[in-house]
Amino acid sequence: MKIAILPGDGIGTEIVAEAVKVLKVLDLPFEMETAPVGGAAYEAAGHPLPESTLALAKAADAVLFGAVGDWKYDTLERRLRPEQAILGLRKELGLFANFRPAICYPELTHASSLKPELVAGLDILIIRELTGDIYFGQPRGRRTAVDGHFPGAEEAFDTMRYSRPEIERIAHVAFQAARKRHKKVTSVDKANVLETFQFWKDVVTEVHAQYPDVELEHMYVDNAAMQLVKAPKKFDVVVTGNMFGDILSDEAAMLTGSIGMLPSASLNAANQGLYEPSHGSAPDIAGKGIANPLATILSAAMMLKFSLNQPEAAARIEAAVQSVLSQGLRTADIYSEGTRKVSTREMGDAVVAAVTGNSVAGATMTKTIKG
Ligand code: NAD
C-alpha cells in the first residue's frame, strides 16, 4: 500500500508531521512518499500541482493532504493559486464524494457555540457531492445582459446542473453509509425553487427504493441550516449538492467546537481517497506550533478505514484521540480552564503514546505553552 503525503502550506506541514508520526507507530505495511503541493509547490516548481505530485497522488492508494494557501498568493493569476491544487486533485482523481463527520466529543461540549445539551453526543455525517453543481457547471462568465431587470448592463452568470448518474452515485454512497450508522438519510435540496434540485429530489427518491431499510427524509436547504443549529442530533447522514454541502458542512463544523477537530475524506468510485482536515492553512497561526493536529490525525484514521482496509488500526487512532482528550490535553483552540494547554507536537506525541499503550498523561509532558 502506498500513501502520498502532501503537507502543503502554513500549518499543513506542522499537522501532517504529527499524523505521519502516528501512522508510523502502527507498524503497518505501507510506504509513504512526500511531495510538495499548493504554495510550496509553486515556489519549488512554478505550479501548485506539479506533474510529479499529481502522478504520485494517482499512483497511491490514498493521499494524506494538509492544507494549502497563503494570503501572499492572492495576487497570482487564478490557475497558479495554491487552492487550484485541491480542485485539480478532485478532478483528476474523480473524487466525487466528500465525507465530513461532525462529532462532538463529551470533553469538548463547552467549546461549541450551542448549549451543551444540544451537542453532547452529536455524531452526524455530511456527504457532499464534490465534482458537479454550480461550482463546475458551464457556461459561466461575464457578459452584457440581453434581458433580465437591466438589459445592456454588465452581468455575471454561473450554471447549476446535475446529471442523473451524478445524483445516483452520491445517493448510493449516502444510503450505504447510513446502513453502517443509524439508517437515516436527510437529502437537502431547494426543490421548491430550483429545477436542478427538483431533479435531485426525484432521483434520490428513486434510488431509495433499493434501500428499504434506510429512512429517507427530504429537507429544503434553508430549513436544514436552521435545524442544524436547533436540533442537530436529529440528523444521521445528510446528503446534498456541492454548494449547499460546502456551506452546511462548515456550519456543522462549528457545532463541534473547533474546526481543528474535524477530519474529512473525498472518495472516488474505486475507494481511492484524499484525506484532509476540514480547515485551511491558517496562516495566522502558522509556524507558532499551536495548531491542533487532531483533525489531520483523525483524517488518517478515516484513510485507514475507507481506502486501506485497516479498520482496527483506525479504531486504535480514534480511541487514542478520545484518550488524550480524557487526559485533559488541549491545543489552544479547544483549551478551557482546568485543562492542560499543549503544543502541536506535544498533542501528536500524546496520541502516539496512547496508540502504543504508553499513555503519557498530562504529568509527564515536559513543555507546555503558557496562557
Ligand atoms: P482556515 O481554516 O485556514 O482558518 C480559519 C480560522 O481557524 C483561523 O483563525 C485559524 O487560525 C483557525 N484554525 C484553522 N485550523 C486550525 C487548527 N488546526 N488549529 C487551530 N486553529 C485552526 O481558513 P482561512 O483563514 O479562511 O483560510 C486560510 C487559507 O487557507 C486561505 O489561503 C484559504 O484559501 C486556504 N484554505 C485551504 C483549504 C484547504 O487546503 N483544503 C480549505 C480552506 C481554506
Side-chain angles (χ1 to χ4, degrees), residues 5-19 36-43 48-49 53 57 63-76 78-91 93 95 98-100 108 111-113 128 130 135 242 245-247 249-254 256-266 273-300 302 321 324-325 329-336 339 341-348 351 369 371:
I5 307 285
L6 311 184
D9 308 319
I11 62 168
T13 52
E14 303 165 43
I15 53 184
V16 166
E18 300 312 312
V37 73
Y42 174 74
E43 304 285 355
L49 184 57
T53 300
V63 178
L64 185 64
F65 188 94
V68 292
D70 191 293
W71 301 309
K72 71 179 173 191
Y73 301 115
D74 283 356
T75 50
L76 283 178
R78 190 165 295 280
R79 69 181 184 89
L80 294 177
R81 289 198 202 156
E83 293 79 2
Q84 292 302 311
I86 310 174
L87 298 180
L89 283 166
R90 283 177 191 163
K91 188 164 164 250
L93 299 179
L95 305 171
N98 180 238
F99 286 61
R100 277 233 219 162
L108 301 182
S112 170
S113 40
R128 164 187 171 196
L130 207 53
Y135 288 3
N242 204 345
D246 190 4
I247 299 163
S249 57
D250 266 23
E251 187 189 2
M254 276 302 99
T256 69
S258 172
I259 199 158
M261 292 297 303
L262 292 177
S264 83
S266 303
L274 182 141
Y275 298 83
E276 57 172 332
S278 298
H279 56 75
S281 54
D284 55 334
I285 58 166
K288 295 186 180 162
I290 59 171
N292 187 344
L294 294 179
T296 315
I297 291 171
L298 289 166
S299 301
M302 289 181 89
V321 168
V324 298
L325 292 174
L329 304 182
R330 303 282 189 273
T331 42
D333 56 313
I334 50 174
Y335 173 75
S336 63
T339 61
K341 195 181 281 188
V342 294
S343 68
T344 309
R345 208 170 63 214
E346 286 170 325
M347 187 58 105
V351 176
I369 298 171

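Indexing begins at 1, ligand by ligand and atom by atom, following the structure's order. Quick note: residue numbers are just sequence positions, from 1. Predicted model, so just to flag it, every value in this text is computed and none were measured. Any value given below was found using the heavy atoms of this structure, including those in side chains, with hydrogens, waters and symmetry copies removed.
Contacts between Pro283 and ligand 1, counted as non-hydrogen atom pairs separated by less than 4.0 Å, involve the side chain only.
What you find for Pro293 and Thr331 is that their closest heavy atoms are CD-CG2, 4.0 Å. Taking every heavy atom of both residues into account, Thr296 and Pro277 meet most closely at OG1-CG, 3.6 Å. Here the shortest heavy-atom pairing between Thr344 and Glu14 reads CG2-O, 4.1 Å. Contact between Val37 and Ala85 at its shortest, heavy atoms only, is CG2-CB, 3.6 Å. Closest non-hydrogen pair, Pro82 versus Gly39, comes out as CB-N, 3.5 Å. Residues Arg330 and Tyr335 come closest through the heavy atom pair CB-CA, 3.8 Å.
Among protein heavy atoms, atom 29 (C) of ligand 1 sits closest to Ser281 OG, 3.3 Å. Looking only at heavy atoms of the protein, atom 19 (N) of ligand 1 is closest to Asn292 N, 2.9 Å. Regarding atom 37 (C) of ligand 1, its nearest protein heavy-atom neighbour is Val68 O, 3.1 Å. From the protein, the heavy atom lying nearest to atom 39 (C) of ligand 1 is Ile86 CD1, 3.3 Å. Nearest non-hydrogen protein atom to atom 9 (O) of ligand 1 is Asp284 OD2, 2.9 Å. With respect to atom 3 (O) of ligand 1, the closest heavy atom belonging to the protein is Ala282 N, 2.8 Å.
Within the 4.0 angstrom cut-off, atom 24 (P) of ligand 1 has no protein heavy-atom neighbours. Less than 4.0 angstrom separates atom 35 (C) of ligand 1 from at least one non-hydrogen atom of the protein. Protein heavy atoms are absent from the space less than 4.0 angstrom from atom 27 (O) of ligand 1.
Taking a cut-off of under 4.0 Å to the non-hydrogen atoms of Gly69, the atoms of ligand 1 that pass are 32 (O). Counting atoms of ligand 1 from 1 in the listed order, those under 4.0 Å from a heavy atom of Glu276 are 41 (N). Of all atoms in ligand 1, numbered sequentially from 1 with element shown, those under 4.0 Å from a heavy atom of Ala291 are 19 (N). Residue Gly280 has at least one heavy-atom neighbour below 4.0 Å for each of these atoms of ligand 1: 1 (P), 2 (O), 3 (O), 30 (O), 36 (N), 37 (C), 38 (C), 42 (C), 43 (C), 44 (C). Atoms of ligand 1 found under 4.0 Å from any heavy atom of Gly260, numbered from 1 in the order shown, are 17 (C), 18 (N). For ligand 1, the atoms closer than 4.0 angstrom to any heavy atom of Ala67 are 40 (O). Annotation for ligand 1: atoms under 4.0 Å from non-hydrogen atoms of Glu83 are 31 (C), 32 (O), 33 (C), 34 (O), 35 (C). Counting the atoms of ligand 1 from 1 in the order shown, those under 4.0 Å from a heavy atom of Asp70 are 32 (O).
Within the model, atoms CD1 of Ile259 and CG of Asp333 stand 10.5 Å from one another, a figure rounded to the nearest 0.5 Å. Atom CE of Met347 sits about 8.0 Å away from atom CD1 of Ile297, to the nearest 0.5 Å.
For the side-chain contact (heavy atoms from CB on, under 4.5 Å) criterion with Ile334, the lone passing option out of Leu325, Leu329, Thr339 is Leu325.
A salt bridge does not link Arg100 to Asp246: none of the charged side-chain nitrogens sits closer than 4.0 Å to a carboxylate oxygen.
Side-chain atoms of Tyr73 and Asp9 include no donor-acceptor pair closer than 3.5 Å.
Checked by distance only, ligand 1 and His279 come closer than 3.5 Å through their nitrogen or oxygen atoms.
Here the shortest heavy-atom distance to atom 7 (O) of ligand 1, taken over Asp250, Ile285, Ile259, belongs to Ile259.
More than 12 non-hydrogen atoms from other residues, nucleotides or ligands lie less than 6.0 angstrom from CZ of Phe99.
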